Structure formats: structure tokens, C-alpha cells
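Have a look at the structure below before the remarks.
In what follows, every chain begins at residue 1, and chains take the letters A, B, ... in the order their sequences are listed. Quick caveat: nothing in here was measured; it's all calculated off a predicted structure.
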2 protein chains.
Amino acid sequence: MNEVNFVQASNLKEKPDVSKIGFGTHFTDHMFEMTYTEDKGWHNPQIIPFSDITISPANATIHYGQAIFEGMKAFRQGDKVVIFRPLDHLNRLNNSARILDIPQVDVELVHTALKKLIEIEKAWVPAQRGQSLYIRPFIYADDGFLGVSVGKSYKLYIILSPVAAYYSHGFSPVKIMVEDTYVRATQGGLGEAKTPANYAASLHAGLVAHKKGYDQTLWLDGVERKYIEEVGSMNILFKINGEIVTPELDGSILSGITRRTVLQVAKEWGYPVSERRISIDEVKDAYKNGTLEEVFGSGTAAVISPVGVLGYKGEDMVINDGKIGPFAQKMFDYVTGVQCGAEKDIHNFTEVVAEV
Amino acid sequence: MNEVNFVQASNLKEKPDVSKIGFGTHFTDHMFEMTYTEDKGWHNPQIIPFSDITISPANATIHYGQAIFEGMKAFRQGDKVVIFRPLDHLNRLNNSARILDIPQVDVELVHTALKKLIEIEKAWVPAQRGQSLYIRPFIYADDGFLGVSVGKSYKLYIILSPVAAYYSHGFSPVKIMVEDTYVRATQGGLGEAKTPANYAASLHAGLVAHKKGYDQTLWLDGVERKYIEEVGSMNILFKINGEIVTPELDGSILSGITRRTVLQVAKEWGYPVSERRISIDEVKDAYKNGTLEEVFGSGTAAVISPVGVLGYKGEDMVINDGKIGPFAQKMFDYVTGVQCGAEKDIHNFTEVVAEV
Ligand SMILES: Cc1ncc(COP(=O)(O)O)c(C=O)c1O
Ligand SMILES: Cc1ncc(COP(=O)(O)O)c(C=O)c1O
């Protein structure tokens with residue numbers, strides 16, 4: 001019954017020059033689809049040609065935002081295709097589902113379907129180091145009536161998009177603005193879920209940051225506007241006096257898979273690691289007294305994103321002379337090395353899903 | 001150029017028995033559509049047959065929630081069809097658009113289109129008192145790529161749904177639970193906008209309240225969890241010692257059109273009216289010392305919703321013996337009277353849009 005059906009596309013697209021395309025603009029020939037209804041539960045798992053989808057104008061997600069998603073990557077390792085920590089991502093999808101009252105998916109089934117989808121689309125996984133096939137599973141409430149309530153029907157899709165190296169001009173630091181006006185998510189809200197609401201709440205602050213010459217926003221907590229949360233699509237880590245410090249998982253930030261990876265590896269490398277509340281004032285103090293050695297983001301898109309400038313209330317802190325710190329560089333090299341097969345994967349972070 | 005085009009449906013649906021249908025389950029034969037692109041701005045306003053819509057699986061709204069909506073009502077008054085405060089609703093749509101960085105619409109054009117749509121669909125406006133034609137304008141980002149950024153293309157639709165009387169078993173009080181765990185919106189967030197994020201954030205608390213036997217959730221502020229905000233889809237008002245008190249518009253609650261109506265009329269009736277911060281403790285104190293005379297919600301769906309029970313931290317406050325208060329009754333009679341034409345509309349709240 002839970003066999004994954006396959007309907008092949010009659011025409012295959014021409015593959016783009018991945019070095020020339022932006023993030024998430026091109027999609028492969030097929031996608032995975034699964035349907036939930038009250039009577040049947042999750043059913044009809046199938047791989048079908050990539051195409052537009054049809055919704056009611058009263059679709060519950062367009063009006064009330066009951067949706068979740070994930071983001072992970074597949075890489076080429078010689079003649080193999082691997083995915084980085086797929087089960088962690090699928091389990092996080094179910095955690096988001098719990099928060100949004102979306103029915104849990106069978107992780108094993110979706111995992112199987114994902115592997116089958118990648119096997120079918122393996123020619124789309126770019127071979128150059130840094131490039132990858134971005135994997136976007138998502139679920140949305142599909143009900144077509146206007147009452148504000150938990151949906152009775154859902155769709156799950158997995159779509160795939162070849163993406164260029166994040167650092168196409170070389171690994172380099174970003175400028176981040178600490179946001180003190182807008183709030184992304186707060187205690188008791190949806191911050192821990194990968195759900196549209198959190199990204200909608202970040203759009204305007206993103207524009208403001210861009211206008212001021214910053215690349216991204218660093219969020220503070222919604223209650224005291226003082227404790228550091230995360231960046232738009234990355235967790236944030238600090239190296240202060242030799243220690244790796246990052247905000248604890250308090251329910252209002254995403255539990256990043258890259259964050260987990262970095263913390264685990266840093267510990268193994270012998271660095272002291274601390275997950276705790278950290279205030280922007282503490283960061284400022286460390287900056288002033290010279291113990292703020294490095295600041296960097298962690299996320300699937302960039303893996304590691306060194307922060308060269310941290311702007312707060314109109315003043316810029318220039319971190320490590322605006323240059324990539326040695327820890328960030330070493331971690332970036334290590335994790336991307338594991339992803340492309342240059343480093344031995346002693347943790348089994350990657351799973352081989354196809355042979356080319 | 002901004003002529004509203006009309007494409008007639010080839011088959012008209014049978015009209016349902018409105019007394020037997022839920023809220024927002026049936027839609028009329030046509031809908032209004034308008035498209036925004038960077039090069040053309042808002043263009044191609046047209047009334048077309050009601051049908052499903054097509055989006056990319058990478059649609060920006062499904063993934064990142066950049067969308068807004070409105071909700072207003074058309075009523076039959078004898079052989080006329082009126083809309084209650086249409087321009088206030090369309091202006092609020094533009095306020096939501098500003099908060100979500102969606103391009104402003106030409107209110108005059110949308111107003112014209114709405115009137116034309118109602119003229120076409122006037123036979124769908126139910127004639128019985130309490131019944132109405134619910135009008136749902138909405139806008140969503142229509143971009144089909146996966147970057148988190150403000151959209152470059154949008155769709156606006158107006159769909160229409162005949163709705164039964166809210167109080168099909170007679171005007172009666174509801175049980176409301178004061179929510180002290182979950183937060184709907186906070187200062188610096190999107191609370192003032194009618195946008196999916198706020199409703200997504202309310203889903204789980206709604207389930208919890210229902211399980212505990214309450215009809216809806218009353219939100220407290222996200223910072224101190226102490227000041228009263230609003231109900232899931234209503235503003236909240238208190239009558240304390242003769243005065244009508246309601247939370248001020250602080251950016252984290254919706255500026256309800258019904259709230260505005262009630263405050264204006266209450267003032268004209270000679271009641272003292274106060275828009276200010278009001279804490280749940282103040283409400284509890286008023287309850288204890290016998291000055292909490294009435295509690296009621298205001299919103300387009302129910303107009304006035306008397307609160308019979310207010311539960312907070314496991315204790316129920318029974319308001320006015322669980323019965324409808326005289327002020328709520330009088331206001332309900334007055335506003336619904338204006339809507340159905342039984343009361344003279346001295347404020348021009350209603351606009352005649354069609355003759356049947
Ligand atoms: C809000 C947010 N925080 C953090 C992250 C980093 O998480 P991960 O390392 O799992 O990609 C992401 C991106 O996925 C994100 O969207
Ligand atoms: C969150 C919220 N608050 C308040 C209201 C009441 O607003 P209005 O009186 O304009 O319908 C609504 C419903 O429209 C709502 O969704």
C-alpha cells in the first residue's frame with residue numbers, strides 16, 4: 001500500500017549551468033507527492049513530473065499559513081550521491097508538524113521516497129565542489145474553506161533544485177545587523193518550527209538591513225530585546241576567549257542541523273562549547289575587551305558564514321579585522337570536506353543514496 | 001487600461017440552503033483577479049469564473065507566508081445590497097500590505113471591481129436577517145523560487161461566500177480561555193496585519209482551548225503575558241463600572257472595523273470609552289469587586305460576541321451570570337439593524353452596491 005509509485009515525465013528539461021543560476025530558481029524533472037485526508041491518513045506516495053500545483057482560492061495555507069518545510073542538500077562524491085543528515089532533517093520536519101498540528105509523517109517512508117527520487121534525479125546533482133542539489137520537502141494544509149482551524153487535508157511534496165556554490169566568489173565574511181525594532185518569533189510562538197510565519201515576519205527587517213548595507217539580520221529575543229536568537233536562515237555562534245558559545249534552544253529558534261554538527265565537531269576537537277543565553281551586551285563587552293575572536297553563522301545554505309561586521313544601534317563591530325577566523329575556516333573546510341568526500345565521514349553524517 | 005474585464009462563467013452553480021452551510025464553505029460563480037508584476041505594476045483587473053488557482057510548488061507564500069487578506073460582508077436590505085464599511089476594509093488591506101512589503105493597491109479600482117463583482121453575484125446575497133455574503137479579498141506573493149525575499153509578483157483575488165447567521169441558535173454568550181502559554185503576536189511582529197502568520201500562530205492554542213471546553217482564545221501580550229490583546233478573530237471589550245474599555249492599538253493587534261464601529265457608537269450613546277492597556281489582573285479585580293459588568297468580542301463574523309465565561313489559569317469568571325449583557329445586546333441589535341436596514345444608517349456605514 002505504501003509503495004512509492006513513479007510516473008515518469010515525458011520530456012526531460014535541459015540542465016542549466018549551475019554556476020550561473022541563483023538559489024532555488026531551477027527544479028528537476030520530478031517531484032515527490034503524498035496526500036493526507038482524514039479517512040485515509042497519509043496515502044498515495046508518488047513520484048510525478050514536476051509541475052505547477054492546483055489549490056482552491058480558499059486554500060487554508062494561503063489564508064492561515066498552516067505549512068512547514070525542510071531544507072537539506074545532496075552532494076556528488078565521485079560516482080556516489082550522498083545526502084547530509086537526511087534523517088535529522090526529516091525528524092525536524094515532524095517536529096515542525098507537531099508545532100503546527102500537522103499530522104506526523106512516516107519518516108521511514110518519506111526517507112525511502114526521497115532516496116528513490118534522488119536515484120531518479122541523480123544526473124541533476126552537480127559534480128563541482130560547493131555545488132549541490134537542494135532538497136525542499138514541504139507540507140501545507142490543502143483545505144478549501146475559510147474557517148480558521150487545523151486542516152483536515154494536507155499535501156506533502158519534495159522538490160529538488162540544483163544550486164551554485166554559496167560562496168561563488170570565494171568563502172568570505174558577511175555584514176550582519178542586530179535588529180532591535182522588529183521581532184521574528186517569541187517565546188510561546190512558532191520560532192522553533194520551520195514554518196512560513198517566521199519568514200514572513202523577517203521580510204521587512206531584511207529590507208531595512210539591506211538598505212543599510214547589511215547582508216542579513218541577527219534577531220534578538222522578543223521579550224527583553226537583549227538575548228541573541230539567530231540569523232534569518234542561520235544559527236549564530238561566537239568564539240569568545242577560546243570558547244564556542246551559541247544561544248540555547250529555548251523554543252523560539254530553529255534547532256539547526258548544521259549548528260548540531262558544528263557543536264559536536266568542536267567538542268571533539270577539544271574546544272569548550274556552551275549553549276546558553278547570551279546577550280548582545282555580553283557580545284559588545286567581549287568585543288571591547290578583545291575576547292570576541294570570531295562570529296559565524298551555521299546553516300544548510302552556506303554551511304559556515306563568517307561574520308565580518310556586526311552592526312548594533314548604528315555602531316559596527318569589526319570582527320577579527322573583518323577576516324575569516326581560523327576556527328570558522330577550519331570548520332567550513334571540515335564540513336564541506338565531509339560533504340564532498342574529501343574528509344572521511346567518521347560520524348556517518350552523509351548517507352549514500354545513489355551511484356552515478 | 002484599468003477597466004475591469006468580465007469573463008462570464010458558462011455554468012452557474014445551484015445556490016445552497018444558506019441556513020445549512022458552515023462558514024466559508026460555498027463560493028459564488030465568479031471571482032475578481034488582479035496581477036502584479038515588477039514591470040507592469042498591478043494590472044489586468046478582471047472578473048472571471050470561480051475556479052482553482054495554479055501555483056508553483058516553490059510558491060513564495062506556501063513557503064514564506066508573504067500574504068494578506070480582508071474580511072467584510074454584504075447584506076440584503078429589501079431590494080438593495082449593501083456592504084458594511086467597504087472602504088475601511090480596503091484601506092486596512094493596504095495597511096497590511098505595507099507591513100508585509102506587498103505593493104499598495106489602488107483602493108478606488110478595487111472598490112469599483114468589488115461593486116461590479118457584487119452586482120454580478122447579487123443573487124447570492126442571502127435575504128434572511130443575519131445571513132450575509134462574506135467577502136474575502138486576499139493577496140499573495142506568487143513568485144516560484146525558493147529565496148526568502150520580498151516577492152516580485154503577486155495575485156489579488158476577491159472571493160465571495162454566502163454565510164449563515166452566526167447565531168443560528170439565537171444570540172448567545174461564548175466561553176473564552178485566557179491563553180498564558182502561547183503567544184499570537186508580539187510588539188515588533190506582524191500582529192497589526194491580517195496575514196497568515198498570526199492565524200498559524202493561533203492554531204494550537206485554539207485546539208487546547210477547545211479540548212478544555214472553551215470556544216476561543218483570549219491572547220495576552222507576548223512580553224509581560226499580562227496585558228490583554230484580542231481574541232482569535234475578534235477584538236475584545238469590557239464594560240467596567242459603566243465604562244467601555246478596550247486594549248489600545250499598540251501594533252500587535254488588529255484594528256477591527258467592528259471595534260471602531262462599537263467605540264464610535266458607544267461614545268455617541270454617552271458611554272465613557274477608553275482605549276488603553278488593560279491587564280488580566282485588572283479584569284480579575286473588577287470581577288471580584290463586582291464592577292466587571294460585561295465582556296464581549298467584536299468582529300465581522302459575529303458582530304458582537306458576548307462572553308459568558310472567561311477562564312484564566314484554571315479558574316472561570318462567570319460574567320453577568322453567563323447571560324448576554326444589556327450593552328452587548330443593544331449594540332448587537334443596533335449594528336445588525338444598520339446592516340439589515342432596520343436601523344437608519346446615520347453614519348453611512350453601509351454602501352449600496354446593487355439593486356436586486
Ligand atoms: C531560521 C533558521 N535558522 C537556522 C537555520 C539553519 O538550520 P540548518 O543548519 O538545519 O540548515 C535555518 C535554515 O535552515 C533557518 O531557516
Ligand atoms: C485577529 C482579528 N482580530 C480582530 C478581528 C475583528 O476585525 P473586524 O471587526 O474588522 O472584522 C478579526 C476579524 O476580522 C481578526 O481576525
Side-chain angles (χ1 to χ4, degrees), chain A residues 22-25 27 31 50-59 61-67 69 71 99-101 134 136 138 140 144-150 157 159 161 181-190 195-204 206-207 222-225 232-233, chain B residues 22-25 27 31 50-59 61-67 69 71 99-101 134 136 138 140 144-150 157 159 161 181-190 195-204 206-207 222-225 232-233:
Chain A
F23 176 84
T25 55
F27 299 94
M31 61 187 182
F50 182 92
S51 75
D52 281 350
I53 54 186
T54 290
I55 56 173
S56 162
N59 174 275
T61 301
I62 296 283
H63 294 268
Y64 307 125
Q66 197 195 0
F69 65 93
I99 296 169
L100 271 292
D101 286 294
Y134 182 76
R136 169 60 62 95
F138 62 100
Y140 62 87
F145 78 100
L146 291 178
V148 182
S149 60
V150 169
Y157 287 94
I159 56 176
S161 173
T181 304
Y182 301 104
V183 174
R184 171 192 172 271
T186 194
Q187 293 287 331
L190 301 174
T195 186
N198 300 327
Y199 300 86
S202 76
L203 288 175
H204 189 72
L207 275 191
V223 174
E224 302 186 49
R225 305 287 178 97
S233 52
Chain B
F23 177 83
T25 55
F27 299 94
M31 61 188 183
F50 182 91
S51 75
D52 280 351
I53 53 186
T54 290
I55 56 173
S56 162
N59 174 275
T61 301
I62 296 284
H63 295 267
Y64 306 125
Q66 197 195 1
F69 66 92
I99 296 169
L100 271 292
D101 286 294
Y134 182 75
R136 168 61 61 96
F138 61 101
Y140 62 87
F145 78 101
L146 291 178
V148 181
S149 59
V150 168
Y157 287 93
I159 55 177
S161 174
T181 303
Y182 301 105
V183 173
R184 170 191 171 273
T186 193
Q187 293 287 330
L190 300 174
T195 186
N198 300 326
Y199 300 86
S202 76
L203 289 175
H204 188 72
L207 276 191
V223 175
E224 302 186 49
R225 305 286 177 100
S233 53

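- With sequence neighbours left out, the ring-ring contact (aromatic ring centres under 6.0 Å, His included) criterion links B:Tyr199 to A:Tyr64, B:Phe69.
- Of the listed residues (A:Leu100, A:Ile159, A:Thr25), the one with the most heavy-atom contacts under 4.5 Å to chain B is A:Ile159.
- Interface residue B:Gln187: backbone and side-chain heavy atoms are both found under 4.5 Å from chain A.
- Heavy atoms closer than 4.5 Å to chain B are found in the side chain of A:Leu207, but not in its backbone.
- Comparing A:Gly189, A:Ala197, A:Pro57 by how many heavy-atom pairs each has under 4.5 Å with chain B, the most go to A:Pro57.
- Contacts with chain B were tallied for A:Phe50, A:Tyr134, A:Phe138; A:Phe138 has the most, counting heavy-atom pairs under 4.5 Å.
- With a threshold of 4.5 angstrom between heavy atoms, A:Ser202 approaches chain B through side-chain atoms but not through N, CA, C or O.
- Heavy atoms of B:Tyr182 lying under 4.5 Å from chain A belong to its backbone as well as its side chain.
- Between the CG atom of A:Leu190 and the CZ atom of B:Arg184 there is a distance of 11.5 Å, given to the nearest 0.5 Å.
- By number of non-hydrogen pairs under 4.5 angstrom with chain A, the leading residue of B:Leu203, B:Ile99, B:Thr181 is B:Leu203.
- Looking at A:Ile55, both its backbone and its side chain come within 4.5 Å of chain B, counting heavy atoms on both sides.
- B:Thr186 touches chain A through its side chain: at least one heavy atom from C-beta onward sits under 4.5 Å away, while N, CA, C and O do not.
- Annotation: side-chain hydrogen bond (donor to acceptor under 3.5 Å, both in side chains) contacts of A:Asp101 (sequence neighbours excluded): B:His204.
- Residue B:Ile53 touches chain A through both its backbone and its side chain, counting heavy-atom pairs closer than 4.5 Å.
- Contact record, A:Ala58 with B:Phe27: CB-CZ, 3.4 Å, taken as the closest heavy-atom pair.
- Contact count versus chain A (heavy atoms, under 4.5 Å) is highest, among B:Ser56, B:Gly71, B:Gly24, for B:Gly24.
- Ranked by heavy-atom pairs shorter than 4.5 Å toward chain B, the options A:Ile62, A:Thr195, A:Asn198, A:Asn59 are led by A:Ile62.
- Heavy-atom distances place the side chain of A:Arg225, and not its backbone, under 4.5 Å from chain B.
- The nearest pair of heavy atoms linking A:Ala200 to B:Gly65 is CB-O, 3.4 Å.
- Looking at A:Ala67, only its side chain comes within 4.5 Å of chain B, counting heavy atoms on both sides.
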